[in-house]
Amino acid sequence: MGSFSIWHWLIVLVVVIAIFGTKKLRNVGGDLGAAVKGFKDGMKDGTAGDEPGKPQQQVTAAKVNDPNTVDVDAKTKS
């Protein structure tokens, strides 16, 4: 009952190749590799999110007087 033998894994491999085909499996492997590489690069560079010391963009007085600025906390329409 323990782990699968090499024959079990070979049968599973043959069934997977028969269902998906080698070209589809190659594409999936390439996509997965690119995703892992992108994740590693993002973690190394620190570009995954905003910088922790940098504050979010603040609304200045010039932007408050701008007619295109929307106040999302406004209770009534003006």
Side-chain angles (χ1 to χ4, degrees):
M1 278 272 164
S3 65
F4 293 108
S5 69
I6 189 69
W7 295 110
H8 290 104
W9 289 116
L10 286 174
I11 292 171
V12 169
L13 180 66
V14 168
V15 169
V16 168
I17 289 174
I19 291 173
F20 295 109
T22 57
K23 185 176 180 182
K24 185 76 166 180
L25 291 176
R26 191 178 320 126
N27 290 342
V28 169
D31 292 343
L32 181 63
V36 169
K37 182 180 179 188
F39 178 76
K40 284 182 179 180
D41 289 344
M43 292 301 291
K44 181 177 62 176
D45 294 342
T47 58
D50 291 338
E51 296 176 11
K54 184 179 179 184
Q56 295 291 327
Q57 183 179 4
Q58 297 180 358
V59 177
T60 60
K63 289 187 178 181
V64 171
N65 295 330
D66 184 13
N68 294 326
T69 302
V70 177
D71 185 9
V72 294
D73 293 330
K75 301 292 180 188
T76 60
K77 290 185 177 180
S78 53

Taking side chain to side chain contact (heavy atoms under 4.5 Å, CB included) as the criterion, tell me which of Val16, Val15, Ile17 meets it with Leu13.
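Exactly one candidate clears the test, Ile17.
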Approximate separation, where rounding is to 0.5 Å, of Asn27 CG and Phe20 CZ:
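Answer for the CG-CZ pair, Asn27 versus Phe20, is 13.0 Å.
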Sequence neighbours left out, what pairs pass side-chain hydrogen bond (donor to acceptor under 3.5 Å, both in side chains) with at least one residue falling in residues 7-23?
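Residue pairs passing side-chain hydrogen bond (donor to acceptor under 3.5 Å, both in side chains), neighbours aside: Ser5-His8.
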Could you state whether Val36 and Met43 fall into the same hydrophobic cluster, counting links through intermediate Ile, Leu, Val, Met, Phe, Trp or Tyr residues with side-chain heavy atoms under 4.5 angstrom apart?
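The answer is no; the residues belong to distinct hydrophobic clusters.
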